[in-house]
Amino acid sequence: MGIRFIFGRAGSGKSEFCLKSIDKKIRECDKDNKLILLVPDQYTFQSEKKLLEHTGEKSLLRAEVLSFKRMANRVFDRVGGRTENIIEDSGKNMLIYKLLKENMDDLHYFNKISRKQGFVGVVSKTITEFKKYNIAEEILINKKEELNEGELKDKIKDLSFIYNKFNDNLHKNYIDSEDVLSLLAEKLKESQMYRDAEIWIDEFTTFTPQQMEIIKILAKRCKRVNITLCIEGKNDEETDIFDAIKNTEYKILKLMEENNIPYEKPINLNKDIPYRFKQSEELAHIEKHLFTYPFKTYKGKVKDIRLYKANNSYSEMEWVAQDIVRLVRDKNYRYKDIAVVCRDIDSYDKITSVIFNEYNIPVFLDKKREILSNPLVVLILSTLEILISNWSYESVFKYVKSGLIKLDREFIDKLENHILLNGIRGYRWTSELLKGIEEPSKEEIEIAEIMEEIRRPIINLYRKVGNENSVKEETNNTVENQSVNEEIQAEDTLSPKTGESQLGKTMAAMGIVGCMASVIYIVRKRELYEK
């Protein structure tokens, strides 16, 4: 029983050391104890893949890759603990909104602020932080008593009141997702599940108090807990970029001291050249000395690094594109072997797309895109917005200009001019289009035909969601009958490889059924059409 640190800078082979150690334990077959690689949630898949590459199928019986939450699931399956349902973020926000509305008069500082948009989200994040760092209601109350009268005291008083009400109402039927680790710590004390196991904790830079409590329990139960830290060890420089991680080390050392946990001799993987940069001394020098002071100059020959001073961003990306073409054409590189890294992708995404298209370079921009800007989402939401806003100009043309409607741009422009000129909205969209016109002109007939083409699928959609079936049934029927695709006649494309509908595939990927349910509920609560 004890904790051992594995020190190493970035690229020094800490993860590799963990995997090789697990492989060695499996090959020795000395014991049948569990071997656990504990990583953050986002690293579990990649770590499982690497573990299988190193050890093969034989690792499946002894070794396992877990995150803290996945470990909780394993323990709950074995010793119980799944009696409560875990509330999701949306349910958490709904509960906080309900509590604020019911107890608004009991709040002092947040009475008026609680009505503002976004306040529920702020409270939700605050409660999450409280639970991550084991801040109980008693701690807030005690802190409030220590303070003199003022805004801070009023804030803490209101927060403790909200926190208390939230926990009282939540724990009747649910638990918060942040309570899972606290429950895991309790169950680990009762369980012998990981006794004599060996654990490697990798890819963490810091630990919350909840995670520290779990590490403490595991260190007392397991044969050894190995913790990798991205740190250099001894540092004689005036600057120290590893200061934050050293704080993590100090916290773990303090935990070991307070709980009489043995300290095993650490392993230092820092060498002259890290494993990741062994093919390039220049990159190894930059990795080690980029942030050091005083500066250290590289004395060797530079062959892997070039500097290019550009006049502007356009000139910079054009030079990059030309160099990529050179590498592919003359050096037998493949496009997938090349990455362009920039500090602020928002400043370069449009320029990169334009220039790389000119040079016929395929590119993937690793950038988050707002789901609300997706043409399909715009199409669906604007369709339902038309019904809610009684055919307002804005909602109609958001729908028409979504890019998925089978109408030429020329017709859209004609219709827009006609709508603005005559102020057409509401019942004029749903009643007879040429009513009161004895001899309509050719242009008026053309406009009426365009309006009919636009309104027909939307009216049909409203009729489908306006009956007495449940919201769930109507949502399923709407999508299953391809109301959004066939009724609205959205443009679709087929995948050149599989022949699959790209529109249908996108709808499935984005979970349109769930997205539409709440809006259909609103539509059915309002009668928007005048007879």
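Since we're looking at a predicted model, the values are computed, not measured.
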Please indicate whether K157 has more than 12 foreign heavy atoms, meaning atoms of other residues, nucleotides or ligands, lying under 6.0 Å from its NZ.
no
If you draw a 6.0 Å radius around CG in N312, do more than 12 non-hydrogen atoms from other residues or ligands fall strictly inside?
yes
Taking side chain to side chain contact (heavy atoms under 4.5 Å, CB included) as the test, write out the residues that go with L52, two or more places apart.
S59, L60
Between E198 and the options R62, K223, R224, the side-chain hydrogen bond (donor to acceptor under 3.5 Å, both in side chains) test singles out R224
Indicate yes or no for a side-chain donor-acceptor contact from N226 to the backbone of I199 under 3.5 Å, with no hydrogens or angles considered.
yes
Looking only at atom types and distance, does a side-chain atom of E358 sit under 3.5 Å from a main-chain N or O of E318, one as donor and one as acceptor?
no
As an exercise, state the distance from CZ of F207 to CD1 of I214, rounded to the nearest 0.5 Å.
11.0 Å
What are the two closest non-hydrogen atoms of I175 and L170, and how far apart are they?
C-CD2, 4.0 Å
State, to 0.1 Å, how close G2 and I261 come at their nearest heavy-atom pair, and which atoms those are.
CA-CG2, 4.1 Å
Hey, does L100 have a side-chain heavy atom less than 4.5 Å from the side chain of F110?
no
Atom OG in S114, atom CD1 in I96: separation rounded to 0.5 Å?
12.5 Å
To check you understand the geometry: which heavy-atom pair defines the closest contact between T352 and L365, and what is its length?
CG2-CD2, 4.3 Å
Shortest non-hydrogen contact from E232 toward K288
OE2-CE, 3.4 Å
E257 CD: over 12 foreign heavy atoms closer than 6.0 Å:
no
Compute whether any side-chain donor of one residue and acceptor of the other, for D202 and T228, lie under 3.5 angstrom apart.
yes
Validation row: K24, K20 side chains within 4.5 angstrom (heavy atoms):
no
Just wondering, more than 12 heavy atoms not from Y335 lying within 6.0 Å of its OH?
yes
Taking E151 first and then K155, would you say they form a salt bridge - that is, a charged N and a carboxylate O separated by under 4.0 Å?
no
Less than 4.0 angstrom from a charged side-chain N to a carboxylate O is my criterion; do R326 and D323 meet it?
yes
Side chains of N167 and K131, donor plus acceptor under 3.5 Å
yes
Here the gap from M317 atom CE to S353 atom OG, rounded to the nearest 0.5 Å, amounts to 9.5 Å
Walk me through it: do I231 and F5 pass the test side-chain contact (heavy atoms from CB on, under 4.5 Å)?
CA-CA 10 Å; I231 196 171; F5 291 119; over 6 Å; no
Can you tell me if Y97 has over 12 outside heavy atoms packed within less than 6.0 Å of its OH?
no
Give me each pair satisfying salt bridge (Lys or Arg N to Asp or Glu O under 4.0 Å) with a member in residues 330-346, each pair once, sequence neighbours excluded.
D346-K367
Given side chains that start at C-beta, do those of M71 and L218 come closer than 4.5 Å, heavy atoms only?
yes
Check: E316/Y308 side-chain N/O donor and acceptor closer than 3.5 Å:
no
Quick check against the 3.5 Å criterion: does E28 have a side-chain atom that pairs as donor or acceptor with the backbone of K25?
no
If you define the side chain from C-beta out and look only at heavy atoms, does anything of E16 sit under 4.5 Å from L269?
no
CD of E264: more than 12 outside heavy atoms within 6.0 angstrom?
yes
Steps toward side-chain contact (heavy atoms from CB on, under 4.5 Å) verdict (M193, V79)
CA-CA 9 Å; M193 191 168 170; V79 301; 5.6 Å; no
Using a 6.0 Å cut-off, check whether atom CD of E281 has over 12 heavy atoms from anything other than its own residue.
no
Start with the C-alpha gap between L37 and L19, add the side-chain angles, then the distance that decides, and say whether side-chain contact (heavy atoms from CB on, under 4.5 Å) holds.
CA-CA 8 Å; L37 180 60; L19 294 170; 4.0 Å; yes
Short side-chain donor-acceptor distance under 3.5 Å, R195 and N33:
no
Donor-acceptor pair, S124 side chain versus V120 backbone, under 3.5 Å?
no
Would the number of heavy atoms belonging to other residues, nucleotides or ligands and lying under 6.0 Å from CZ of R78 be above 12?
no
Please find out if less than 6.0 Å separates the ring center of F204 from that of F68.
yes
Between S382 and V378 (side chain of the first, backbone of the second, donor and acceptor by atom type, cut-off under 3.5 Å), is there such a pair?
yes
Using 4.0 Å as the upper bound for N to carboxylate O, is an ion pair formed by E213 and K216?
yes
For E282 and D304, indicate whether the former's side chain and the latter's backbone hold a donor-acceptor pair under 3.5 Å.
yes
Do the ring planes of H285 and Y298 sit parallel (below 30°), tilted (30 to 60°) or perpendicular (above 60°)?
tilted
Do the side chains of Y194 and R221 get nearer than 4.5 Å, heavy atoms only?
no
Check this for me: does any side-chain nitrogen of one of D41 and K69 sit under 4.0 Å from a carboxylate oxygen of the other?
no
Could you tell me if the side chain of K14 sits less than 4.5 Å from the side chain of C230, heavy atoms only?
yes
Before giving the answer on side-chain contact (heavy atoms from CB on, under 4.5 Å), spell out for L188 and L184 the whole-Å C-alpha distance, their side-chain angles and the decisive distance to 0.1 Å.
CA-CA 6 Å; L188 280 174; L184 169 62; 3.9 Å; yes
Least distance between heavy atoms, P274 atom then A284 atom
CD-CB, 4.1 Å
Salt bridge check, R276 against E287: does any charged N sit closer than 4.0 Å to a carboxylate O?
no
For G13 versus Y275, what's the shortest heavy-atom pair and its separation?
N-CB, 4.4 Å
Can you confirm whether N134 sits close enough to S182 that some side-chain heavy atom of one is under 4.5 Å from a side-chain heavy atom of the other?
yes
Would the distance check show the side chain of N270 and the main-chain N or O of R9 forming a donor-acceptor pair, the cut-off being under 3.5 Å?
yes
Evaluate the side-chain proximity of F166 to V123: yes if any heavy-atom separation is below 4.5 Å, no if none is.
no
Under the 3.5 angstrom rule, does the side chain of D154 hit a backbone N or O of Y109 as a donor-acceptor pair?
no
When you check the gap from the basic side-chain N to the acidic O, do K50 and E53 get nearer than 4.0 Å?
no
Distance col, row H171:NE2 vs D176:CG, nearest 0.5 angstrom, shows 7.0 Å
Report the C-alpha separation of K246 and E249 in whole Å, then their side-chain angles, then the decisive distance to 0.1 Å, and conclude whether the salt bridge (Lys or Arg N to Asp or Glu O under 4.0 Å) test is met.
CA-CA 5 Å; K246 281 187 176 179; E249 181 191 7; over 6 Å; no
Would you compute the distance between atom CE of M256 and atom CD1 of I3 and round it to the nearest 0.5 angstrom?
5.0 Å
From OG (S160) to CD1 (I139), nearest 0.5 Å:
12.0 Å
With sequence neighbours left out, write down each residue that passes side chain to side chain contact (heavy atoms under 4.5 Å, CB included) with N357, or none if nothing qualifies.
none
